[in-house]
Number of protein chains: 2
Amino acid sequence: MDGIEARELAYFVAVAEELNFTRAAERLCIAQPPLSRAVKQLERRLGVTLLERSSRRVALTPAGQVLLDEGRRALEGLSAAVRRTRRAGRQEPRLTLVMKAVGDGGMLPDILAAYEKEPDAVPVEVLFCGFGEHAALLRGGFADVGLLHGRPDLTGLDHEELLVEEQIVVLRLGHRLAGRAAVTLADLKDEVMPRWAGLPGDRGDGPEVRDAGQLLQLIALGHAVAVLPESARAYLGGDVVAVPVLDVPPTTMMVAWPEWSRSPALAAFVRTATETAGRT
Amino acid sequence: MDGIEARELAYFVAVAEELNFTRAAERLCIAQPPLSRAVKQLERRLGVTLLERSSRRVALTPAGQVLLDEGRRALEGLSAAVRRTRRAGRQEPRLTLVMKAVGDGGMLPDILAAYEKEPDAVPVEVLFCGFGEHAALLRGGFADVGLLHGRPDLTGLDHEELLVEEQIVVLRLGHRLAGRAAVTLADLKDEVMPRWAGLPGDRGDGPEVRDAGQLLQLIALGHAVAVLPESARAYLGGDVVAVPVLDVPPTTMMVAWPEWSRSPALAAFVRTATETAGRT
DNA sequence: CCCGTCCATACCGCCAGGGTATCGCTCGCG
DNA sequence: CGCGAGCGATACCCTGGCGGTATGGACGGG
């Protein structure tokens, strides 16, 4: 037995993130002295100095940096286990599918229809999320399966490819490029591209949008253009047009799920999704 | 805060594995009543029934099965974090390299020599392990980096390919195939192949060996033959010969390390290993 | 030089977690 | 059919650990 407790690890992580016992204590809603004691006890149990305290400044030792990284992940794993258990224990078992709005390549109705006929099928609950959130929601145990686009970070996930799509640019009717048969990225370099709300990695210019409706509205107003997978054509209204973009790499849509998941309901969904995609 | 404690999770895992509170309690070195109480408290905190108790039999509910799987992994992650922290906290930092004996493709001396010249280099400690153990030792935080062969389970690991090798069969001098320029698997189907000790997945026949020395001795005695990567030629004595095997897929050697590892010492080692392999 | 900041120490009270004794249920066996 | 063994649940006690308050001591800024 290594004897380390989840609570004291969480305490240490708070201190290591704040680099300040007092602030960490109030974040944890406890007083500062018990926090000091708990961290010291953790150091004693590990036999390792985690923090360099100099009565004016708190700094991480190399070992402390390791425990901050590893411990955060371990705590994530713990609460993911809790969430998955809670969701598995609901009286009415469900499968939570996470996807970006309009991120199903038009296949979701077919997949769901086929899935419902499976013997292991359970009701599917669809959870919409922002641009890069799929993977975190799957890893964290908030969702069972996801439909992903592009090249997300797949660590901790298993996946199957469903569909490879060419990309199009969506333009307002009357836009200077709207009549072209095809465009290149060079044609678009002066265009305003919206960015998804709450996404730190995205480029800073362009208006912020929260969902596909806002995006289409911006395009229809002529305030922006957007490069989307070809399947998005199905969602376009009459006041915008789609033009193929020649030199953008095709985007692949995939179904992904947490590594180690072995529920029959999930396996049936993945099988159904790949078969449905393969039948096109 | 989800409020789940590592100890109570370990308690539940023990009960779920034994399906018997009394035996689980003695495995945990506590009395049975506190164990019953702890599991019940865990169920209350999760709001989920984990075990079906029928006064004569204990069975897992579906949610209990989920928590058994996920909780085991979460506890693994926790103790891996502890081990990595302990190893990072040693006064003399070292890099622990795990490999099968004679599993380095002859490159280890070159890699180590080149690595020692790196600015971020630390002393390398080599840990030998049995056939399929590399990945578990890396995931568990017992080692920092490994040299792997074949197609191990790489979940939780990052890796780089170092070397693709053809395979040879090692035979006693005077063996019926020893004079051949090459053989096929069909030629070998009646031969005795040793199996590595402590490896459940291996085929049952053949004598058990613990290391390369025992293996070569068995071959020299004519009691066995073995299919090995070409680089093993360097370790062969004069009383055995090596013959290429035509229809065995080449084996790839790779360097692997735990996902998320970001120590400069490790990064330098991986870079050195790939550069050394690329220079051949 | 004093005051504010911040971590450590000292001490206290309470409850969670572990122990022992015992009950209740069920199955197997004579 | 009745008894005993096995096993989990309950009741009760006791101790150690965790959290709280008060305070000390080191350091830096004004």
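We name chains A, B, ... by the order of the sequence lines, and we start the count at 1 in each one.
Straight-line distance from the CZ atom of A:Phe21 to the P atom of D:dG24: 21 Å, rounded to whole Å. The separation between A:Glu26 atom CD and C:dT5 atom C1' is 13 Å, rounded to whole Å. As rounded to whole Å, 18 Å separates atom P of D:dG17 from atom CG of A:Leu35. A:Leu42 places its CG atom 11 Å from the P atom of D:dC18, with the value rounded to the nearest Å. Counting to the nearest Å, the P atom of C:dC7 and the OH atom of A:Tyr11 are 17 Å from each other. With rounding to whole Å, A:Glu5 atom CD is found 15 Å from C:dA16 atom P. The nearest whole Å value for the distance from the CZ atom in B:Arg7 to the C1' atom in C:dG17 is 7 Å. Rounding to whole angstrom units, CD of residue B:Glu8 and C1' of C:dG18 are separated by 14 Å.
Counting only N and O atoms by type, the side chains of A:Ser36 and A:Gln32 include a donor and acceptor under 3.5 Å apart.
In the helix from C:dC1-D:dG30 to C:dG30-D:dC1, the terminal helix axes, each the rotation mapping four pairs' C1' atoms onto the next four within five end pairs, subtend 10°, rounded to 10°.
A:Ser36 has a side-chain polar atom (N or O) that falls below the 4.0 Å cut-off from OP1 or OP2 of C:dA8. For B:Arg57, no side-chain nitrogen or oxygen approaches OP1 or OP2 of D:dG6 to under 4.0 Å. Residue B:Lys40 has a polar side-chain atom (N or O) positioned under 4.0 Å from OP1 or OP2 of D:dT10. Between B:Asn20 and D:dG6 there is no side-chain N or O to OP1 or OP2 distance below 4.0 Å.
Residue B:Arg56 has its side chain nearest to D:dC7 when only C:dT20, D:dG8, D:dC7 are considered. Taking every side-chain heavy atom of B:Thr22 into account, D:dC7 is the closest of D:dG19, C:dT20, D:dC7. Comparing D:dG20, C:dT9, C:dT20 against the side chain of A:Pro33 picks out C:dT9 as the nearest. Each of C:dA8, D:dA9, D:dC7 was ranked by its minimum atom distance to the side chain of B:Arg23; first place goes to D:dC7. Listed candidates were D:dG20, D:dG19, C:dG19. Nearest to the side chain of A:Arg37 is D:dG19. The side chain of A:Pro34 has D:dG20 as its nearest neighbour among D:dC18, D:dG20, D:dG8. Of the candidates C:dG18, D:dG20, C:dT9, the closest approach to any side-chain atom of A:Ile30 belongs to D:dG20.
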**OP:** Starting from the C-alpha separation in whole Å, work towards a yes-or-no answer on salt bridge (Lys or Arg N to Asp or Glu O under 4.0 Å) for A:Arg139 and A:Glu133.
**Re:** CA-CA 10 Å; A:Arg139 272 191 285 267; A:Glu133 300 169 4; over 6 Å; no

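Comparing A:Gln41 and A:Ser54 along DNA chain D, the residue whose closest nucleotide (by nearest heavy atom) sits nearer the 5' end is A:Gln41. Take the nearest nucleotide of DNA chain C for B:Ala31 and for A:Leu19: the residue whose nucleotide is more 5' is A:Leu19.
No more than 12 heavy atoms of other residues, nucleotides or ligands shown are found within 6.0 angstrom of CD on B:Glu52.
Contact check for B:Arg87 versus B:Thr96: side-chain heavy atoms found under the 4.5 Å cut-off. At least one side-chain heavy atom of A:Leu9 sits less than 4.5 Å from a side-chain heavy atom of A:Leu67.
Looking at residues two or more places apart in sequence or on another chain, you find a side-chain hydrogen bond (donor to acceptor under 3.5 Å, both in side chains) between B:Arg271 and B:Glu118.
Among the protein residues, A:Arg53 comes within range of the sugar-phosphate backbone only, with heavy atoms under 4.0 Å from sugar or phosphate atoms but none that close to a base.
The pair A:Glu70-B:Arg262 fails the salt-bridge criterion, with no side-chain N (NZ, NE, NH1 or NH2) lying under 4.0 Å from an Asp/Glu carboxylate O.
For the side-chain contact (heavy atoms from CB on, under 4.5 Å) with B:Val15, the qualifying choice from B:Asn20, B:Thr22, B:Leu35 is B:Leu35, the only one to do so.
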